[in-house]
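As the structure is a prediction and not an experimental result, all values here were calculated from the model. Hydrogens, waters and symmetry mates play no part in the numbers below; they use all other heavy atoms, side chains included.
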Amino acid sequence: MIKKVSYKDQVYDYLRHAIVDGTLHEGEIYSEQMIADQLNVSRTPVREAVQQLRNEDFIEVYLNRGFGIKPVSVELVNEIIQARETIEGCTLRCLADGLNTKKGQDAIAIMDDCLENTMKKLRGQDNHYEYMQADVVFHEASINYTGNIYFIRMFHMMQAQVERITISSLAFQNRHEMAFHEHESILKALKSGDGDGAVQALHEHMDKTRELLSKHV
């Protein structure tokens, strides 16, 4: 059955994408009417989308003025990375243990494809959004491999913040190249069945992201 997508959901998707890719800037104030005019919709779906994004901690609403993009804070970076390390640490070990199963090989193939067919091509470019999308798919592969609905839900719940943090980190000089090699280390350990090595490589990858962002947020 084809589901009708509401105007609110379309406006939400537009604003979420614009926040993640930096089209909407921190420090500026935007009006609901401006967004409504831009998207050729009424203010109601814009107001509803803004409220949802506010509840998800992306937006700050200023009474009678409009809304602004909530800055990425050191606390947010640390909390997201801590959550990721906890979830992915477990799922990477599970994937290493199930390496020789068809499901395990399918997950490794997804990670390999992200690394070789997308990240490798983009590592010398400034296409942060496309690189980030491949990054998310790479990391999500081990989570989906487990089939654990709670891991999957938790990752999806914080996915937009993960995307935003990833794009922020990719803006640093040579970060694409460094991140590529960090992903290589994770995958190399996985392919050898070394779950502990994969988790260690993940921690090093996350530590570098934390280090870069903590100096500039």
Notebook entry, point to check: Are Tyr129 and His17 close enough that their ring centers fall under 6.0 Å?
Noted result: yes
Close side-chain approach of [X] and [Y], heavy atoms under 4.5 Å:
X	Y	value
His205	Asp135	yes
Leu95	Thr91	no
Tyr12	Glu56	yes
Glu85	Arg210	yes
Leu213	Phe172	yes
Ile81	Arg84	no
Ile59	Lys70	no
Glu60	Pro71	yes

Check: Counting N and O atoms only, with roles assigned by atom type, does the side chain of His128 sit under 3.5 Å from a partner on the main chain of Asp21, one being a donor and the other an acceptor?
Finding: no
Margin query: Between Ser31 and Arg65, does the side chain to side chain donor-acceptor pair (under 3.5 Å) criterion hold? Intermediate values first, please.
Written below: CA-CA 7 Å; Ser31 73; Arg65 295 174 62 201; over 6 Å; no
Quick one: pull up [atom1] in [X] and [atom2] in [Y] and give me the separation to the nearest 0.5 Å.
X	Y	atom1	atom2	answer
Leu15	Ile35	CG	CD1	5.5 Å
Phe138	Thr118	CZ	OG1	12.0 Å
Asn100	Lys102	CG	NZ	14.0 Å
Arg164	Phe58	CZ	CZ	6.5 Å
Met34	Glu32	CE	CD	10.5 Å
Met111	Tyr145	CE	OH	12.5 Å

Hydrophobic cluster membership, with links at side-chain heavy-atom distances under 4.5 Å among I/L/V/M/F/W/Y: are [X] and [Y] in one?
X	Y	value
Leu122	Ile110	no
Ile152	Met154	yes
Ile87	Leu76	yes
Leu53	Val61	yes

What is the minimum heavy-atom distance between [X] and [Y], and which atoms define it?
X	Y	result
Leu39	Tyr14	CD1-CD2, 3.7 Å
Leu99	Gly193	CD2-N, 3.7 Å
Leu92	Ala198	CD1-O, 3.9 Å
Ala49	Val11	CB-CG1, 3.7 Å
His25	Tyr30	N-OH, 2.8 Å
Cys114	Val137	SG-CG1, 3.3 Å

Can you tell me if [X] has over 12 outside heavy atoms packed within less than 6.0 Å of its [atom1]?
X	atom1	answer
Glu177	CD	yes
Lys103	NZ	yes
Gln173	CD	no
Tyr150	OH	no

Note to self: Assess the residue pair Arg175 and Lys208 against the criterion (side chain to side chain contact (heavy atoms under 4.5 Å, CB included)); give the C-alpha distance rounded to whole Å, side-chain angles, the decisive distance to 0.1 Å, and a yes or no.
What the structure shows: CA-CA 10 Å; Arg175 182 55 184 152; Lys208 189 60 181 179; 3.4 Å; yes
Checklist line | Chi angles and distances behind the side chain to side chain contact (heavy atoms under 4.5 Å, CB included) call for Arg16, Glu163 | finding: CA-CA 10 Å; Arg16 179 185 179 280; Glu163 292 174 359; 3.4 Å; yes
Item checked: Ion pair Arg93/Asp97, N-O distance below 4.0 Å -> no
Check: So, are Lys121 and Glu116 salt-bridged, with charged N and O less than 4.0 Å apart?
Finding: no
Next item on the list: Given side chain to side chain donor-acceptor pair (under 3.5 Å), test Gln82 with Asn78 step by step and report yes or no.
Entry: CA-CA 6 Å; Gln82 184 180 44; Asn78 287 333; over 6 Å; no
Next item on the list: Start with the C-alpha gap between His176 and Met119, add the side-chain angles, then the distance that decides, and say whether side chain to side chain contact (heavy atoms under 4.5 Å, CB included) holds.
Entry: CA-CA 8 Å; His176 282 219; Met119 293 179 176; over 6 Å; no
Notebook entry, point to check: Checking side chain to side chain contact (heavy atoms under 4.5 Å, CB included) for the pair Lys191/Asp112: CA distance, chi angles, key distance, verdict?
Noted result: CA-CA 10 Å; Lys191 286 181 173 180; Asp112 217 3; 3.1 Å; yes
Next item on the list: Begin with the C-alpha distance, continue with both residues' side-chain angles, and end with the deciding distance and a verdict on side chain to side chain donor-acceptor pair (under 3.5 Å) for Gln200 and Glu204.
Entry: CA-CA 6 Å; Gln200 180 59 38; Glu204 292 171 3; 3.2 Å; yes
